[in-house]
Amino acid sequence: MKEFEISFPVGQTPDEEVLRAAAVREAGLRRDAKPVCVVLRRSLDARGNIRMRYRVAAYLPGEEYHPYELPPLADVTDAQPVIVIGAGPAGMFAALTLISCGLKPIVLERGRDVHSRKKDMASLSRTGNVNPDSNYCFGEGGAGAFSDGKLFTRSSKRGDIREVLCRLVEFGASEDILVDAHPHIGSDRLPAIVENLRKCVIAHGGEYHFGTRIVSVERRGADGTLRASSSDGRVFEASRVILATGHSARDVYEMLRSAGFGLQAKGFALGVRAEHPQSLINAARYRGGIRPSLPPAEYSFVHQVDGRGVFSFCMCPGGILVPSATEAGTVVLNGMSNSARNSARANAGVVVSIEPEDLPGDDPFRLLDFQRSVERSMYECVKASGGHTNPAAAPAQRMKDFCRGIVSRDLPGSSYFPGVVSAPLHEILPEQVSSRLRKVFPLIDREMHGYYTNEALLLGVESRTSSPVRIPRDPVTLQSMDLPGLYPCGEGAGFSGGIVSSAIDGIRCARAVASGIR
């Protein structure tokens, strides 16, 4: 097998004959060779003449190409149960993996099913009233189900990414995600995929229980059985529990601290959502604007400013902004895109790294408390302004005004449905965040001319980039250091970030469970 790279104009899709000819030319094969060509990766190169680049594997006669095969799923109706707390990416893929290992997953989710969640999110945008158990972060599919469905992770250090991507294709995603460098599903398509995954788990003997907020996990007795109790009095028992509750389940951290767990403060990032006209980003990235064959342009950047990383996060081309608070009296924003990415605006988080050493003390909740205090300050700012009746409205400022320390006299249009209020974000944000953001925006303009503009709107706050708390676990067995049989998992435990890495961690934990049971 030989690998080679080749590029084509955007909109031109190479067929098998074109790839074979390229294999002869680029990989030095004989002219009469008839290799099987498989596209491994496809990416858009916007440097100079915009082209699509392909990485291709050529298999010669006698070399068999074996497509990736997913682990088979068994009927686990009568198998040993394993409790999975949380139905986000980590919990869902843990459930599937348990089935492939012959174990029965009992999935407990505090929120509602993925379709019922839509009603709660619509109510949140319309009224600003937060359902603490069903919102953009909590419910079937987790935060990822309604935050775009970007699958950027390509690291294979912790597991095989193909298992995650192939499962998503099996449940309805486009096969394009198997080869695209920046695979994307879309918030309009993810609910059906999440539902199909759940139906598969149930069809193979697993269980789902919605509206089940867990308030304690404890050992029942000497036999090693663990008991998970819900807020409505129900009790679930199993010898193993996978805890996959996501990066915003603050009550779970409180529950564990009350039970004596040794939690740790963990770095995260906090900043703003920056919203531009998509046409401006297209012009900056494509040097002259979009053409019919080009997708809406996206961007990413990382800078070091005064000793801390400042970077783009969850960039949504052709996207919209959504309210992501999980408790009353706070304002939190996130971004999402549908599969067509056809909104007139682009948005991205622009965030500053916050490390445990940035805040004094040894309280494991000090970064969480910092995160919450900023979210509350956003809410209080809007409330004090009297400029909006929706409590989910966001304080906002034009980009150049922010950098110059000027409150914007007026604001451009925004995709954020709850509304915006002109506010001094440069003062409301913590100085360690505000000062670095004011320096970074002009820097970005050197790379992407036109980015630094008063046509861009900054909205506060983007704070749910990752968990500010880590739940320690044994690096080999993946079990809790404080409660054997409990497996802290995914973003909420502080061991992943994003849909794919969370799914991989769910797979790892499920296999560790199976290994420990055998």
Side-chain angles (χ1 to χ4, degrees), residues 86-94 136-138 141-161 163-165 168 177 181-185 187 190 242-250 252-253 263-271 273 298 300-302 308-316 324 326 332-337 347-356 358 367-368 370-371 461-473 475 478 487-509:
M92 292 189 300
F93 277 84
Y136 274 94
C137 291
F138 299 151
F146 294 98
S147 63
D148 202 53
K150 289 181 287 294
L151 310 171
F152 287 5
T153 297
R154 288 292 184 183
S155 172
S156 57
K157 293 180 180 179
R158 294 191 175 186
D160 195 331
I161 294 166
E163 183 168 355
V164 177
L165 299 181
L168 291 171
I177 69 172
H182 286 180
H184 166 254
I185 296 176
S187 297
L190 272 167
I242 295 175
L243 184 67
T245 48
H247 60 42
S248 292
R250 292 166 171 169
V252 172
Y253 302 136
L263 305 180
Q264 300 171 348
K266 174 188 156 293
F268 75 114
L270 182 145
R273 294 300 297 192
E298 53 190 288
S300 66
F301 61 84
V302 179
R308 283 288 173 262
V310 183
F311 55 94
S312 60
F313 174 80
C314 185
M315 196 273 152
C316 300
S324 293
T326 54
V332 183
L333 274 70
N334 199 356
M336 59 173 274
S337 299
N347 71 78
V350 182
V351 294
V352 178
S353 295
I354 309 294
E355 300 299 336
D358 294 335
L367 272 72
L368 188 152
F370 173 81
Q371 179 190 60
V461 62
E462 166 67 85
S463 55
R464 304 296 178 91
T465 52
S466 64
S467 171
V469 177
R470 174 171 284 121
I471 307 170
R473 69 186 187 190
L478 307 187
Y487 293 74
C489 180
E491 283 203 50
F495 295 102
S496 66
I499 293 174
V500 174
S501 62
S502 294
I504 288 174
D505 202 52
I507 292 169
R508 289 184 70 215
C509 284

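Because the structure is predicted, anything quoted here is derived from the model rather than measured. Worth knowing before you read on, the calculation uses all heavy atoms, side chains too, and leaves out hydrogens, waters and symmetry mates.
The side-chain hydrogen bond (donor to acceptor under 3.5 Å, both in side chains) test applied to Ser353 returns no partner, not counting sequence neighbours. Partners of Ser248 by side-chain contact (heavy atoms from CB on, under 4.5 Å), not counting sequence neighbours, listed by chain and number: Cys137, Phe138, Thr326, Arg464. Annotation: side-chain hydrogen bond (donor to acceptor under 3.5 Å, both in side chains) contacts of Ser324 (sequence neighbours excluded): none. Under the rule for a side-chain contact (heavy atoms from CB on, under 4.5 Å), the partners of Gln264 that lie at least two apart in sequence or sit in another chain are Arg470, Pro472. Residues satisfying the side-chain hydrogen bond (donor to acceptor under 3.5 Å, both in side chains) criterion with Thr245, sequence neighbours excluded, are absent altogether.
The two residues Ala90 and Gly490 make their nearest non-hydrogen contact at CB-CA, 4.0 Å. In terms of heavy atoms, Val351 sits closest to Ala269 at CG2-CB, 3.6 Å. Contact record, Pro468 with Phe268: CB-CD2, 4.0 Å, taken as the closest heavy-atom pair. Residues Ser501 and Gly498 come closest through the heavy atom pair OG-O, 3.5 Å. Closest approach of Cys314 to Gly335, counting heavy atoms only: SG-O, 4.1 Å. In this structure, Ser502 and Ser496 approach most closely via the heavy-atom pair OG-OG, 2.9 Å.
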Derivation and outcome, side chain to side chain contact (heavy atoms under 4.5 Å, CB included), residues Leu367 and Lys266: CA-CA 7 Å; Leu367 272 72; Lys266 174 188 156 293; over 6 Å; no
Test log, rule side chain to side chain contact (heavy atoms under 4.5 Å, CB included), inputs Gln371 and Arg250: CA-CA 11 Å; Gln371 179 190 60; Arg250 292 166 171 169; 2.8 Å; yes
Please test Phe93 against Leu168 for side chain to side chain contact (heavy atoms under 4.5 Å, CB included), starting from the C-alpha separation and ending with a verdict. CA-CA 10 Å; Phe93 277 84; Leu168 291 171; 4.2 Å; yes
Criterion side chain to side chain contact (heavy atoms under 4.5 Å, CB included) on Ile507 and Val164, from CA distance to verdict: CA-CA 9 Å; Ile507 292 169; Val164 177; 4.0 Å; yes
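Under the 4.5 Å side-chain criterion, counting only non-hydrogen atoms from C-beta, Ser337 is in contact with His184. With a 4.5 Å cut-off on side-chain heavy atoms, Leu333 and Val461 do not count as touching. Counting heavy atoms from C-beta on, the side chains of Ile504 and Ile161 come closer than 4.5 Å.
Between Arg473 and Asp505 a salt bridge is recorded (basic side-chain N to carboxylate O distance below 4.0 Å).
Of the possible donor and acceptor atoms, one in the side chain of Tyr253 sits under 3.5 Å from a partner among the backbone N and O of Gly492. With hydrogens and angles disregarded, no donor-acceptor distance shorter than 3.5 Å links the side chain of Glu298 to the backbone of Cys316.
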